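Below: one structure, written as structure tokens.
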Amino acid sequence: MAIKYDHIKVETKWQAAWLKQNIYKATVNRSEKNKRYVLDMFPYPSASSMHVGHLEGYVGTDILSRYLRMKGFSVLHPMGWDAFGLPAENYAIKTGIHPDKSTHDNIKTFKRQLEISGMSYDWSREIDTSSPEFYKWTQWLFILMFKNGLAYKKKSPVNWCPKDETVLANEQVIEGKCERCDTPVIQKDLDQWFFKITEYADRLVSGLDGINWPSEVKVQQKNWIGRKEGINITYDIDGYSQKITVFTTAPVNFGASFIVVAPEYAEENLMTFIPSENQKEVSDYLKTSLKETELERTSASEKTGIFTGLYAINHVNGKKMPVWVTDFVLANVGTGAVQGCPGHDKRDFLFAKKFGIDIPRVIVGEDGYDGPIEKESQVVEHGMKGKFVNSDFLNGLDFEDGLQKTMDYFEKKGWGKRVVTYHLRDWLISRQRYWGCPIPMIYCKDCGWNPVHDNDLPVLLPSDVDFLPHGQSPIATSKTFQKDVKCPNCGKKARREVDTMDTYVDSSWYFIRFTDPNNKKEFAGLENIKHWLPVDDYVGGGHVVQHLLFARFFWKVLYDQGLIDKSLGDEPFLKLRAPGWILGSDSRKMSKRWGNVVTPDDIIPKFGADTLRVYEMFMGPFDVMKPWSTSGVEGANRFLGRVWRLYQEKPKAKVSAEVLAKLHQTIKKVGEDIESYKFNTAISSLMELVNTIQEHGADLETLKNLALLLAPFAPHMMEEVWVEYIHMTFSIHKAQWPSYEAKYIVQKEVTVIVQINGKVRTQITLDGRTSKIKEKVESEARKDAKIAKYLDGCEIKNIIFVSGKLLNFVTK
RNA sequence: GCCGAGGUGGUGGAAUGGUAGACACACGGGCCUUAAGAGCCCGCGAAUGUAUAAUUCGUGAGGGUUCGAGUCCCUCCCUCGGCACCA
């Protein structure tokens with residue numbers, strides 16, 4: 001008599017048993033070389049609970065981890081909390097509830113949701129970035145940066161979000177707006193801490209070549225770093241001793257007819273000697289343009305600018321080039337000054353045309369037209385094909401060759417110097433916010449900034465603060481924080497830094513801490529690092545530039561410091577996969593606003609975690625966007641119901657060759673598919689196997705193997721079947737993954753398709769051996785009435801044979 | 001504008017250059033049941049055709065390579081994602 005599957009009872013029973021017996025504990029086995037570190041990007045425990053979209057990646061890595069353990073790998077699969085962050089603090093401002101409390105309430109919810117989903121994390125390694133045990137080492141790493149000249153404090157224009165009242169890293173400004181609250185960012189001159197990530201720019205580019213990451217992520221990182229080779233050219237200013245230096249990647253110098261500089265450049269370098277008749281106009285222009293936000297400046301459709309009254313002398317022809325100020329030149333790109341080559345740059349063309357500046361032609365494009373350049377479409381830009389004209393010693397050279405020759409010539413003459421520039425800026429890590437890791441630095445009037453001594457770490461986050469933002473860190477309002485602070489150098493009264501660190505600092509090294517989470521003496525022990533790292537499989541979405549770039553930077557610093565064994569290489573994440581978003585059933589992004597959010601708590605009580613897991617993986621390819629479907633969940637549930645019923649009947653004594661072949665094909669396919677994150681096709685092949693077994697019946701051995709194959713996907717039901725129905729010892733998740741045998745896969749009977757001129761006309765069934773012999777297959781095919789009819793009266797030109805698969809008659 | 005990923009039934013999707021649409025969902029029909037539910041069986045790209053047999057068309061559009069193209073090459077269109085007055 002079949003017993004109905006009670007998913008609530010079964011799932012809670014086994015979850016408790018797994019936890020009690022600690023079966024997912026990652027154990028270091030130093031003799032074993034076959035370790036795998038399978039990591040999810042740890043979540044920020046937000047107030048709105050986890051939904052099925054977040055779970056997608058976690059289910060994928062869980063299946064992979066379970067599979068690898070069964071394959072005999074020693075697997076590290078941990079989970080933790082990116083617990084510091086702005087939302088908890090904003091919530092505190094609104095409600096008065098301390099971020100520590102709300103964050104830890106949220107963590108409880110997240111953890112419960114992961115547990116009821118049947119995740120096989122090693123919870124003994126749980127990490128919380130807001131705990132002093134963790135952030136002590138975040139501070140220690142900051143000091144390491146400082147001691148190695150990689151952390152510095154500097155007054156400079158920085159991105160300021162007026163709503164969150166804090167500075168932001170460049171990486172946190174999206175289209176001129178704050179990544180969190182969409183408020184347009186303004187520039188402020190502030191004294192802030194930076195990490196010198198630019199020092200690693202080249203290695204952050206080159207390291208990408210050797211790692212297995214989605215190409216779009218690599219491309220985006222490369223674009224963000226924005227490495228550009230060009231030349232800095234220094235010009236004399238007519239009538240003055242001062243000079244002006246421009247950066248260009250395409251020195252089309254015979255075609256240069258003006259210079260444009262950023263407002264910031266003009267303010268800093270030119271204002272003092274601009275002719276008096278131009279002074280007022282220029283300073284008016286600077287006033288308006290410097291006040292604008294980056295967003296306002298970049299979204300202006302018309303080019304604006306003002307002539308400074310100054311001229312630079314073009315080295316190659318002695319011509320006077322007017323110097324203009326314009327807000328389309330960005331102060332932090334290159335030198336903040338650009339030479340205008342309007343014939344060969346569309347933006348320069350629009351500017352020259354508007355202000356009536358010369359537009360000389362020095363390149364002829366592929367169309368051969370060499371007349372005056374009057375329309376934007378006639379501009380031949382760098383990157384297009386073309387040859388130099390009107391350029392003295394460059395005439396006749398190809399575009400690119402001519403540029404190189406120009407640069408050689410300029411360097412020889414001492415007029416310019418080749419340089420490499422980057423879009424990447426140093427990482428601004430100061431935040432004028434409370435809920436983050438305090439920066440462990442002390443300022444002394446005499447000794448300047450000094451790090452807190454190691455044995456005084458951690459610098460604890462004070463709790464007596466006023467959360468309301470006042471344009472400085474809330475920590476400044478603490479009465480205790482500055483009490484008895486002395487200079488670590490001279491011992492005189494001093495004061496602590498009151499800013500906290502960007503939370504991306506925490507997530508830049510948490511994956512290292514997982515290898516040795518309870519170490520009280522080191523951020524992580526060398527041996528543990530060496531055993532587990534680098535991360536073999538890293539799964540998570542978003543953070544394509546920020547987190548992944550910062551974490552790579554940290555790793556490289558630690559690698560250079562010898563804190564990471566050289567044998568591990570200088571990239572931390574060998575393989576990266578990003579799960580696709582799950583959309584609501586209305587095909588919109590899951591959001592409270594649309595009321596289309598589905599959480600594990602909506603699905604698990606009704607269908608069980610196994611159904612949720614199988615459905616999420618079956619929906620479609622792991623890395624593409626896909627909409628949620630409630631009827632799809634029911635389908636997954638039906639499938640597991642069919643599986644369950646297979647174990648309610650007495651197994652057959654013998655298994656048919658057909659089922660055996662299917663089983664071994666499935667063993668092969670499921671293993672390969674899991675390794676390559678093709679969970680959807682792994683499940684469909686398991687469905688095929690179940691359909692075959694349902695039709696033909698199976699013996700106990702086959703049913704055992706089916707349970708093993710399904711165990712990573714539906715861990716609870718398969719444990720129940722394993723222990724209670726086929727009476728194997730606990731736990732199936734410690735059992736060995738089945739191996740397939742080629743001899744069973746070879747089928748006795750093979751279907752060969754017969755084509756005439758590439759069109760399938762019939763198929764013939766032959767035994768395995770005959771199907772591999774061309775002559776035999778051909779004679780069999782000719783016997784077929786239909787084929788004979790087609791071939792009647794035709795001249796056969798050729799016969800194509802694919803062994804065991806296909807025969808194609810090519811006729812005239 | 002540049003870069004990247006895509007475009008296959010009513011839907012999600014599957015296909016080392018070799019039977020396009022596996023596996024599911026939805027839908028239609030049937031069995032079982034007092035009934036409902038669950039379960040089981042059958043059908044399901046389009047067209048012609050006799051519910052059969054068979055044939056033709058069909059993977060965004062158009063060309064090409066090949067005995068054979070969803071898959072490779074060229075041109076174009078569309079969708080999504082990222083970047084963008086970057087010199």
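Order of the sequence lines sets the chain letters (A, B, ...), proteins ahead of strands, with each chain counted from 1. As the structure is a prediction and not an experimental result, all values here were calculated from the model.
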(request) Sugar-phosphate means primed atoms, P, OP1 and OP2; the rest is base. With that split, encode nucleotides 3-9 of chain B 5' to 3' as B, S or - using protein heavy atoms under 4.0 Å. (result) SSS----
(message) Within the 4.0 Å limit for protein heavy atoms, which parts of nucleotides 11-16 of chain B are touched? Write it as a string from 5' to 3', B for base, S for sugar-phosphate only, - for none.
(response) -BSSSB
Taking only the [atom1] atom of each, what is the distance from [N] to [M] in whole angstrom?
N     : M     : atom1 : value
B/G39 : B/C25 : P     : 10 Å
B/U16 : B/A84 : C1'   : 40 Å
B/C3  : B/A14 : P     : 28 Å
B/G49 : B/G1  : P     : 49 Å
B/U55 : B/G6  : C1'   : 35 Å
B/U8  : B/A61 : C1'   : 15 Å

From [atom1] of [X] over to [atom2] of [N], roughly how many Å is that when rounded to an integer?
X        : N     : atom1 : atom2 : answer
A/Gln220 : B/C80 : CD    : C1'   : 13 Å
A/Leu689 : B/A24 : CG    : P     : 12 Å
A/Glu264 : B/C85 : CD    : P     : 14 Å
A/Glu649 : B/G39 : CD    : P     : 15 Å
A/Leu424 : B/C86 : CG    : C1'   : 14 Å
A/Lys228 : B/A84 : NZ    : P     : 11 Å
A/Ile225 : B/C83 : CD1   : P     : 15 Å
A/Lys222 : B/C2  : NZ    : C1'   : 16 Å

(request) Can you establish whether the number of heavy atoms outside A/Lys774 located under 6.0 Å from its atom NZ is more than 12? (result)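 Atom NZ in A/Lys774 is crowded, with more than 12 foreign heavy atoms closer than 6.0 Å.
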(message) Just checking A/Phe307: does its CZ atom have more than 12 heavy atoms from other residues, nucleotides or ligands closer to it than 6.0 angstrom?
(response)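 Yes, the 6.0 Å shell around CZ holds more than 12 heavy atoms from other groups.
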Could you tell me whether [X] and [Y] have a side-chain N and a carboxylate O separated by less than 4.0 Å?
X        : Y        : answer
A/Arg782 : A/Glu778 : yes
A/Asp623 : A/Lys678 : no
A/Glu688 : A/Lys662 : yes
A/Lys776 : A/Glu780 : no
A/Asp345 : A/Arg347 : yes
A/Lys626 : A/Glu56  : yes

(request) Any chance you could measure A/Ser257, atom OG, to A/Phe351, atom CZ, to the nearest 0.5 Å? (result)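 A/Ser257 OG to A/Phe351 CZ: 10.0 Å, rounded to 0.5 Å.
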Are the aromatic ring centres of [X] and [Y] under 6.0 angstrom apart?
X        : Y        : value
A/Phe679 : A/Tyr677 : yes
A/His7   : A/Phe607 : no
A/Trp324 : A/Phe355 : yes

(message) If you compare every side-chain N and O of A/Arg761 against the phosphate oxygens of B/A54 (OP1, OP2), does one of them come in below 4.0 Å?
(response)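 No, A/Arg761 has no side-chain N/O under 4.0 Å of OP1/OP2 on B/A54.
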(message) Please confirm whether the shortest side-chain N or O distance from A/Tyr615 to OP1 or OP2 of B/C23 is below 4.0 Å.
(response)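 Checking A/Tyr615 against B/C23: no side-chain N or O falls below 4.0 Å of OP1 or OP2.
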Which part of the nucleic acid, if any, lies within contact of [X], taking any heavy atom under 4.0 Å across all strands shown: a base, the sugar-phosphate backbone alone, or nothing?
X        : value
A/Tyr790 : sugar-phosphate
A/Val333 : base
A/Gln694 : sugar-phosphate
A/Lys786 : sugar-phosphate
A/Val329 : base

Residues in side-chain hydrogen bond (donor to acceptor under 3.5 Å, both in side chains) with [X], at least two apart?
X        : result
A/Asn269 : none
A/Gln404 : A/Glu400, A/Arg418
A/His315 : none
A/Asp586 : A/Arg588, A/Asn596

Restricting both atoms to N or O, compile the protein contacts to nucleotides 42-49 of chain B shorter than 3.5 Å, with distance only.
none

I'd like a list of close polar pairs between nucleotides 63-70 of chain B and the protein, N/O only, cut-off under 3.5 Å.
unit_1, atom_1, unit_2, atom_2, d
B/C67, O2, A/Asn808, ND2, 2.4

(request) Tell me which residues in residues 334-351 of chain A put a heavy atom below 4.0 Å from RNA chain B, sorted by number, or none. (result)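 RNA chain B contact set from residues 334-351 of chain A: A/Val338, A/Arg347.
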(request) Classify the glycosidic conformation of B/G58 as syn or anti, calling it syn when the angle lies within 90° of 0. (result)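 Anti for B/G58; the angle lies over 90° from 0.
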(message) If the condition is ring pair (Phe, Tyr, Trp, His ring centres under 6.0 Å), which residues does A/Tyr615 pass it with, not counting sequence neighbours?
(response)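 A/Tyr615 satisfies ring pair (Phe, Tyr, Trp, His ring centres under 6.0 Å) with A/Trp628 only.
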(message) Please convert RNA chain B into dot-bracket. A pair counts if it is Watson-Crick or G-U wobble with both distances under 3.5 Å; crossing pairs go in [ ] and bases paired with another strand get |.
(response) (((((((..(((.....[....))).(((((.......))))).((((.....))))..(((((..]....))))))))))))....
(request) Report the C-alpha separation of A/Gln763 and A/Val752 in whole Å, then their side-chain angles, then the decisive distance to 0.1 Å, and conclude whether the side-chain contact (heavy atoms from CB on, under 4.5 Å) test is met. (result) CA-CA 6 Å; A/Gln763 41 184 282; A/Val752 176; over 6 Å; no
(message) I need the single residue from A/Ile357, A/Ile259, A/Ile244, A/Asp358 that forms a side-chain contact (heavy atoms from CB on, under 4.5 Å) with A/Met321. Which is it?
(response)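 Single pass found, and it is A/Ile259.
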(message) Using side-chain contact (heavy atoms from CB on, under 4.5 Å), reason through A/Ile683 and A/Val614 one step at a time and then give a plain yes or no.
(response) CA-CA 8 Å; A/Ile683 292 173; A/Val614 167; 4.1 Å; yes
(request) Go through the steps for A/Thr245 and A/Tyr235 under the test side-chain hydrogen bond (donor to acceptor under 3.5 Å, both in side chains), then give the verdict. (result) CA-CA 6 Å; A/Thr245 300; A/Tyr235 291 103; over 6 Å; no
(message) Both A/Phe639 and A/Phe247 contact RNA chain B. Which one's nearest nucleotide lies toward the 5' end?
(response)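 Looking at RNA chain B, the more 5' nearest nucleotide goes with A/Phe639.
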For nucleotides 25-32 of chain B, give me every protein contact, N/O to N/O, under 3.5 Å, one pair per line with atom names.
unit_1, atom_1, unit_2, atom_2, d
B/C25, OP1, A/Arg638, NE, 3.1
B/C25, OP1, A/Arg638, NH2, 2.7
B/C25, O2', A/Ser631, OG, 2.8
B/A26, OP2, A/Arg638, NH2, 3.3

(request) Measure the shortest side-chain to side-chain distance between A/Val261 and A/Val246 over non-hydrogen atoms and say whether it is less than 4.5 angstrom. (result)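 A side-chain contact is absent here, since even the closest heavy-atom pair is not under 4.5 Å.
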